[in-house]
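Structure first, commentary second.
All values below come from the heavy atoms of this structure, side chains included, with hydrogens, waters and symmetry mates left out.
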Amino acid sequence: MIDFNSICKKWQKKWEDAEIFKVNEDPKKKKYYVLEMYPYPSGSGLHMGHARNYVLGDSCARYKRMRGFNVLYPMGYDSFGLPAENAAIKAKSHPKIFTEKAIETFIRQQKELGLSYDWSRSLACHKPDYYKWDQWIFLKMYAQGLAYKRKAAVNFCPECNTVLANEQVIGGKCWRHENTDVEIKELNQWFFKITEYADELLRDIDKLQWSEDVKMMQRNWIGRSEGTLMWFDIRGSDRKITVFTTRPDTFYGITYLVYAPEHPDVLELVKGTKYEEEVKKFVRKVILEDRFTRTAEDKEKEGMFIGRYAINPITKEEIPIYIANFVLYEYGTGAIIAVPAHDQRDFEFAKKFNIPIKVVINPDGYELNPERMSRAYMGDGNMTNSDDFNGMFNRDAIEDIAKFLEKHGHGKKTVQYKLRDWLISRQRFWGAPIPIIYCDKCGIVPVLEEDLPVILPDDVVFEEAENPLKHYEKFLNVKCPKCGATGQRETDTMDTFVDSSWYFLRYCDAKNDKQPFDPRKANYWMPIDQYIGGREHACGHLIYFRFFTKFLRDLGLLNFGEPALRLFNQGMLHKDGVVMSKSKGNVVIPEEVSKKYGIDTARLFLMFVSSPGKDMEWSDDGVEGSFRFINKFWFTITEKKITDSKSSKEVSKLHKTVKEVTEFFEGFEFNRAIMSLMQFTNYISEMDEISNESASALVRMLAPFTPHICEELWKFLGNKNFVSLEKWPEYDEKLIDEEAEASDVLVDRTRADIVHVMNLLKIKKAEKIKLITSIKWKYVFMEIMKKELENTRDVKSIIGVCMKNPELKKHGQEISKLVPAVLKDPRKIPETVLSEEREFEELVSVKEKLSKFFGADVAVVRAEESKEKKAEVALPGKPAIVIS
RNA sequence: GCGAGGGUUGCAGAGCCUGGUCAAAUGCGCAGGACUUAAGAUCCUGUCCCUUAGUGGGUCCGUGGGUUCGAAUCCCAUCCCUCGCACCA
């Protein structure tokens with residue numbers, strides 16, 4: 001057994017020593033940037049699920065490298081974040097310790113996978129030389145008003161005395177205190193004004209070669225809708241209620257208005273009225289108890305009248321104002337017009353509270369009766385009850401009524417986005433500090449660029465969940481850059497998604513200490529040609545990094561606006577039917593497989609079983625299969641005689657394989673590439689000798705998948721260079737000869753026939769077989785020296801195998817060469833096989849002799865062309881069968 | 001509900017875009033055989049049904065229709081599954 005393991009180690013070391021994957025900008029070469037989303041270095045290390053992702057990128061990078069591209073393929077670590085901090089709190093230690101240990105493990109594991117990263121560009125965002133530039137970018141945004149602070153409602157756990165991320169709120173309770181309700185607190189928070197780019201982010205989606213579902217998710221997330229703002233006076237108040245609607249055509253059907261319960265105007269409007277107490281109660285209930293369930297569609301509609309009326313500016317009618325749980329404060333203006341006749345939600349609510357229903361759109365052909373409607377009519381139709389707009393098609397009225405309201409100062413056409421500004425404040429220690437100083441005199445003062453980075457202290461003590469920066473004087477107290485008085489630092493840190501929004505740019509120039517990256521270098525390498533990562537980031541990272549790219553472009557640092565034109569979402573790796581993950585307890589770690597088979601086997605399996613975009617099931621048996629293949633491949637190259645000569649068929653097959661594999665690589669169909677390579681390997685493994693060209697091409701084509709073994713075999717073939725840096729084999733379409741391959745069919749059939757006959761006759765290894773091809777008669781005969789006949793007479797039993805295919809004539813020569821090769825199993829037929837031409841007549845005469853000897857035919861003759869020569873068939877011990 | 005992607009022969013998973021060469025690749029599993037004292041490994045053969053020495057025939061790619069000389073492949077309808085988004089005004 002080959003020690004694949006030490007082969008892996010050996011080549012990993014050689015790659016590292018020779019720094020063969022290190023790259024520099026080279027304007028003369030075409031660049032290619034392959035990138036996997038950088039991982040959070042979790043303490044538990046990486047498992048096969050991660051490995052699949054990296055091997056995918058690695059295979060791609062290796063392929064592109066061999067295609068002559070200047071390939072940038074880096075790796076780094078998303079090393080800020082909660083798990084390390086929590087581990088630190090638990091152990092009263094420092095997150096840095098956990099993080100750096102985890103990174104070490106990751107690097108070791110990734111190196112063991114044989115990934116061809118340019119390690120010299122590696123980065124980790126918890127290091128000051130990285131987060132310094134987070135802070136720098138923050139300052140740039142701040143200067144442009146794109147980073148700003150405002151009050152926002154956030155989740156707060158009174159037990160922990162800290163703000164929680166959404167993921168830390170489970171069913172309205174704190175994740176650590178399952179009996180503690182999470183409170184919603186209005187806190188001053190930092191935001192990035194991503195909405196400034198909403199429109200461009202939406203428009204540019206069309207430029208991206210991403211999967212449709214991710215693009216659609218982003219479109220939904222950005223959620224652009226064109227509509228109209230309207231405002232109504234409120235009787236007895238100088239406030240107005242402003243609503244957003246996409247259906248101004250239903251304006252005359254408004255029978256009530258609704259505020260979202262948390263809308264700040266609500267409490268103002270009920271202050272001092274008899275409604276105040278009840279409204280407060282309702283608001284509290286909705287905000288606290290129903291916070292996580294109220295958005296469910298099947299949620300019962302609840303609400304109440306708040307004792308106020310708005311005035312319809314056109315009809316002057318009084319319109320009652322409600323609050324209701326189905327109106328969202330975050331969307332639009334946090335208040336809506338309700339048209340129960342034409343909106344199902346409004347309808348249900350109106351029914352429940354006995355609010356009138358007014359029809360303003362009738363479907364073609366009949367009139368709706370509001371008394372008898374069982375649900376809202378949401379379709380199109382003709383306007384009614386709408387003054388001058390009566391009779392108009394409602395779609396046209398959308399535009400006209402909007403204009404009408406705008407003209408009279410009651411409304412305004414507008415575009416609304418669902419996308420919210422990005423809340424980046426985190427009341428946590430383990431993140432990039434927000435570079436802001438609060439000065440009693442000067443207010444909010446940004447840290448000066450030359451004072452960056454604002455460093456996260458190493459000597460803080462973690463004792464509670466609360467951010468230790470809050471009590472760390474040395475960090476906290478700082479001179480105001482403006483006036484010199486003592487100010488206080490912001491203790492909030494940035495969301496870790498800030499780090500990941502530009503790390504791909506830092507790879508282009510990872511060591512730069514003057515700027516986040518040299519624009520020339522970034523403009524050379526970027527955009528990312530192939531980005532690889534999970535689709536779960538569709539509405540997070542994958543929007544943020546587009547936003548950052550556009551911002552940095554507008555800052556003049558980049559000459560493009562999209563970070564990654566091609567995105568590939570790899571599938572999940574399953575085991576026992578569920579996603580492989582630590583929490584499910586079904587992880588397989590690369591080391592396990594590696595120890596047993598060498599890592600190439602695992603790599604091959606990961607790439608082989610399923611198309612990369614689909615989920616796949618890990619199977620230990622399947623790994624065995626990959627291992628078998630690798631062995632076969634190994635022995636085919638190392639044990640076959642390698643020659644310079646080659647048959648035209650071999651050439652044809654080779655070029656066809658190169659073509660297929662190349663195309664499959666381009667299409668990211670790695671599993672099919674491997675299938676193709678397996679077939680070719682099987683083909684040449686059946687031959688006596690293989691051509692140098694085939695061996696060389698095969699080793700090179702498998703190198704992206706099983707690089708270690710291929711390096712070894714490449715050396716075995718007499719090459720001095722690394723196969724990793726070799727040129728990808730070329731193919732010539734003209735050399736692909738489908739016709740030449742047709743003879744394969746003949747060979748296969750012949751082989752099947754021969755094996756069949758041997759099985760029937762129980763031919764043992766001691767027996768000698770001779771194959772005789774008769775081109776003229778389209779037969780291949782097997783001449784078998786049966787042991788028990790050896791001493792009797794000078795005769796042999798003869799088995800004839802007929803090729804029925806008339807093409808035999810054309811390919812006969814080849815068959816006579818190949819059939820023996822096909823049968824070459826040393827243990828099976830030791831002294832087989834030579835072939836020669838004989839005339840059929842001669843064979844027939846032998847057969848006759850034998851027939852006489854046995855008193856029956858001993859030959860199996862499969863007749864096809866020999867209609868005129870009826871063939872008799874018999875097996876020893878069996879009655880003769882006659883066929884025509 | 002909306003959107004996206006799927007349903008293929010024991011399992012996994014190709015094929016579908018660019019209809020025929022598709023009973024449908026490849027791997028696994030299973031069965032038989034060779035080898036072996038035996039097992040393992042390896043190799044060969046088979047693996048929808050009926051029948052054969054070779055062959056031939058039938059059924060088949062979620063379901064039902066349609067287009068076509070011809071459909072796993074194109075069109076329509078329908079059921080189911082997965083994943084997003086989800087009372088977005």
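- With distances taken from any side-chain atom of A:Asp621 to the nucleotides B:C87, B:G29, B:G15, the minimum falls on B:G29.
- Counting all heavy atoms, side chain and backbone alike, A:Leu201 lies closest to A:Ile194 at CD1-CG1, 3.9 Å.
- For A:Arg628, counting side-chain heavy atoms from C-beta on, the closest listed nucleotide (B:C28, B:G3, B:C43) is B:C28.
- For A:Tyr417, the ring pair (Phe, Tyr, Trp, His ring centres under 6.0 Å) test picks out no residue, with sequence neighbours left out.
- Atoms CZ (A:Phe635) and P (B:C43) sit 10 Å apart, rounded to a whole Å.
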Using residues 331-343 of chain A as the side-chain source, report each donor-acceptor pair under 3.5 Å to any protein atom, sequence neighbours left out, with the distance given to one decimal.
{"unit_1": "A:Tyr331", "atom_1": "OH", "unit_2": "A:Ser225", "atom_2": "OG", "d": "2.9"}
{"unit_1": "A:Thr333", "atom_1": "OG1", "unit_2": "A:Thr242", "atom_2": "O", "d": "2.6"}
{"unit_1": "A:Thr333", "atom_1": "OG1", "unit_2": "A:Ala335", "atom_2": "N", "d": "3.4"}
{"unit_1": "A:Thr333", "atom_1": "OG1", "unit_2": "A:Ala335", "atom_2": "O", "d": "3.3"}
{"unit_1": "A:His342", "atom_1": "ND1", "unit_2": "A:Tyr377", "atom_2": "O", "d": "2.9"}
{"unit_1": "A:His342", "atom_1": "NE2", "unit_2": "A:Val360", "atom_2": "N", "d": "3.0"}
{"unit_1": "A:His342", "atom_1": "NE2", "unit_2": "A:Ile361", "atom_2": "N", "d": "3.1"}
{"unit_1": "A:Asp343", "atom_1": "OD1", "unit_2": "A:Arg345", "atom_2": "N", "d": "2.9"}
{"unit_1": "A:Asp343", "atom_1": "OD1", "unit_2": "A:Arg345", "atom_2": "NE", "d": "3.1"}
{"unit_1": "A:Asp343", "atom_1": "OD1", "unit_2": "A:Asp346", "atom_2": "N", "d": "3.1"}
{"unit_1": "A:Asp343", "atom_1": "OD2", "unit_2": "A:Arg345", "atom_2": "NH2", "d": "2.6"}

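- Of the side-chain N and O atoms in A:Arg224, none sit less than 4.0 angstrom from OP1 or OP2 of B:C88.
- Here the side chain of A:Lys418 is nearest to one of B:C87, B:C43, B:C85, namely B:C85.
- If you check every strand for non-hydrogen atoms under 4.0 Å, A:Ser619 touches nothing.
- One P atom belongs to B:G7, the other to B:G57, and the distance between them is 31 Å to the nearest Å.
- Pairing for B:U55 is absent, with no Watson-Crick or G-U wobble pair whose two atom distances lie under 3.5 Å.
- A:Lys632 pairs by the side-chain hydrogen bond (donor to acceptor under 3.5 Å, both in side chains) definition with A:Asn682, not counting sequence neighbours.
- Between the side chains of A:Asp213 and A:Ser211, at least one donor N or O lies within less than 3.5 Å of an accepting N or O.
- If you check B:A31 for Watson-Crick or wobble pairing at under 3.5 angstrom, you find it paired to B:U45.
- Comparing A:Ala335 and A:Gly622 along RNA chain B, the residue whose closest nucleotide (by nearest heavy atom) sits nearer the 5' end is A:Gly622.
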Determine, step by step, whether A:Phe665 and A:Phe705 satisfy the ring-ring contact (aromatic ring centres under 6.0 Å, His included) criterion, reporting the C-alpha distance in whole Å, the side-chain angles of both residues, the deciding distance to 0.1 Å, and the verdict. CA-CA 11 Å; A:Phe665 256 107; A:Phe705 300 117; 5.2 Å; yes
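- For B:U26, the paired nucleotide is B:A12, the pair qualifying as Watson-Crick or G-U wobble because both relevant distances are below 3.5 Å.
- Considering only residues two or more places apart in sequence or on other chains, A:Lys659 meets the salt bridge (charged side-chain N to carboxylate O under 4.0 Å, His left out) condition with A:Glu663, A:Glu733.
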Every protein N/O within reach of nucleotides 6-13 of chain B N/O, cut-off under 3.5 Å:
{"unit_1": "B:G13", "atom_1": "OP1", "unit_2": "A:Asp615", "atom_2": "O", "d": "3.4"}

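- Atom-to-atom, CD of A:Glu212 to P of B:A4 comes out at 8 Å; the value is rounded to the nearest Å.
- Picking from B:A89, B:G27, B:C87 the nucleotide with the shortest atom distance to the side chain of A:Asn682 gives B:G27.
- The nearest heavy atom of RNA chain B to A:Gly334 and to A:Val214 marks one nucleotide each, and the one closer to the 5' end goes with A:Val214.
- A side chain to side chain donor-acceptor pair (under 3.5 Å) check over residues 666-676 of chain A, counting only residues at least two apart or in different chains, returns the pairs A:Tyr63-A:Glu666, A:Lys64-A:Glu666, A:Glu660-A:Ser676, A:Glu669-A:Arg672.
- Nucleotide B:U82: paired with B:A4 (Watson-Crick or G-U wobble, both distances less than 3.5 Å).
- Nearest to the side-chain atoms of A:Met678 among the listed nucleotides B:U26, B:G15, B:G3 stands B:U26.
- Out of B:A25, B:G15, B:G84, the shortest distance to the side chain of A:Gln679 is found at B:A25.
- Candidate nucleotides B:C88, B:C28, B:A14 were compared by shortest atom distance to the side chain of A:Arg345, and B:C88 ranks first.
- Rounded to whole Å, the C1' atom of B:G27 lies 41 Å from the corresponding atom of B:A86.
- Across all strands shown, B:U63 forms a Watson-Crick or G-U wobble pair, both distances under 3.5 Å, with B:A77.
- Of the P atoms belonging to B:C48 and B:U26, the separation is 13 Å, rounded to the nearest Å.
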